[in-house]
Amino acid sequence: MVTHRIIPCLDVDEGRVVKGVKFKGIRDAGDPVDLARRYNEQDADELTFLDIGASHKSQQTMLNVVEQVSKEVFIPLTVGGGIRTVDDMQKALRAGADKVAVCTAALKDPQLLAQGSHAFGAQCIVLSIDAKKEGDSYYAFTHGGRNNSGKDAIEWAVEAEALGAGEILLNSIDRDGTKIGYDLELTEAISSRVQIPVIASGGAGTLRQLLEGVTDGKADAVLLASLLHYGEFTIADIKAHFSKHEVAVRW
Amino acid sequence: MIGILDYGAGNLHSVRKALDFLGVQHRIVQQPSEMDGLEKAILPGVGAFEASMVKLHERGLVEPTVNWIRDDRPFLGICVGMQMLFTSSEENPGVAGLDVFPGEVRRFDHRKVPQIGWNKVYATGESPLLKGIDDGAFFYFLHSYYCKPKQSTVESGRSSYGIEYTSMLHRGNTHAVQFHPEKSAANGLKLLQNWVEL
């Protein structure tokens, strides 16, 4: 039985880990290499790095961070943020990433998923969906949650799987940093429509809410940031809680 | 000196970094002549069966790899590098594998595919690679297909993902693992160290 994964997420801007609420109100949370080491020692199952800085310099700094982390942390690393081309994917993989996450660029040109999948294998390509509810539907947003692409988030997940995405990282913009729990309706809707693994992200504030992401949202993994960065829980706390409720974890 | 066969696999650098971390000398092999003087060879893997076989052919590495294994020289296949040792794969019907282990590579058909994550490996034979590692230890898996050897005696480790399947192989000096030791934290590094020290 494959276990459910606990994935710390490091939002990196100009070489520092930062975290905001609803994608805004950013504050500093530390040095990415130090945090990566700490989470690895705590038995994190993977690590995700998202470059939220817009500049070219920020991207280069991110690649340096990944390069350094991959020399001493031997668990899977995902890199996202600002990846627009197959060449960008190649650079991230060369630096030491095992998977790359794409969001805005894939919405602009869905063939990027097919090209990446062909070049590096589907297991390498993570589609990140920043979803927000408007009316009765969920839409996929671009540019860090600023613009509505007009695409239905659930249909987009299905389309992305067909194009060659190997995993879906689902972020709820409405719930990001709110600590009111994952958007379980959205998570379950996507997880039940695709065969590839779904990672729940955005909104969990308690151990119970994290667990609900898996039990009710049917997610295969949970991704979290500020709860870990600010020491509210350790990864061991989460795994102990999951185990107690008979959700398999690497333990 | 350990040679890492380079056929364009995405995780070649991860394998290199793990060997660097262990302080082991290694070099990248992109053509047959570069296999001269090697003591051990690793066939790493991430990617599709056909694309990997095509690239290995293009670099002229198919025959040297088959001979290497037939001569029972120390070898480690990882993930697709394990699957390529088989006769064929459902991933790309009609594409010939290296066929040093008779059998087929099949697709998981009743679970989330790919299997991505940490799963347990139970020893089913005598594998020196598992020395000092708990039975049922966790390793990181990332695959949609699994190996089904014709001879069950070559299996040295088993895992479960909806079905029970072979996750480790061992015959003489040939070893292969379906998981990624280079991404399996302390257990993975220990397994690589065990192989290096054989």
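Lettering follows sequence order; numbering is per chain, from 1.
Proximity to chain B (any heavy atom under 4.5 Å) is restricted, for A/V249, to the backbone atoms N, CA, C and O. Heavy atoms closer than 4.5 Å to chain B are found in both the backbone and the side chain of A/R250. Residue A/Q90 does not touch chain B at all, counting heavy-atom pairs closer than 4.5 Å. For A/D43, no part lies near chain B; criterion is any non-hydrogen pair under 4.5 Å. Both the backbone and the side chain of A/S191 come within contact range of chain B, each with at least one heavy atom under 4.5 Å from a heavy atom of that chain. If you measure heavy-atom distances from A/E67 to chain B, the contacts under 4.5 Å come from both the backbone and the side chain.
With sequence neighbours excluded, the residues that form a ring-ring contact (aromatic ring centres under 6.0 Å, His included) with A/H245 are A/H241. Residues passing the side-chain contact (heavy atoms from CB on, under 4.5 Å) test with A/A119, sequence neighbours excluded: A/V86.
Contact annotation: the side chain of A/I75 approaches that of B/W118 to within less than 4.5 Å [non-hydrogen atoms, C-beta and beyond].
Minimum heavy-atom separation, A/R94 to B/K17: O-NZ, 4.3 Å. Annotation for B/N119 and A/V2: closest pair ND2-N, 3.7 Å, computed over non-hydrogen atoms.
The main-chain N or O of A/F74 is never found under 3.5 Å from a side-chain atom of B/K183 such that the two would form a donor-acceptor pair.
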What pairs of donor and acceptor atoms, side-chain ones from residues 158-166 of chain A against any protein atom, are under 3.5 angstrom apart with sequence neighbours left out?
from: A/E159; atom 1: OE1; to: A/K151; atom 2: NZ; distance (Å): 3.4
from: A/E161; atom 1: OE1; to: A/Q195; atom 2: N; distance (Å): 3.4
from: A/E161; atom 1: OE2; to: A/Q195; atom 2: N; distance (Å): 3.0
from: A/E161; atom 1: OE2; to: A/I196; atom 2: N; distance (Å): 3.4

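Chain A is approached within less than 4.5 Å, heavy atom to heavy atom, by B/A185, B/L189 from residues 185-198 of chain B, ordered by number.
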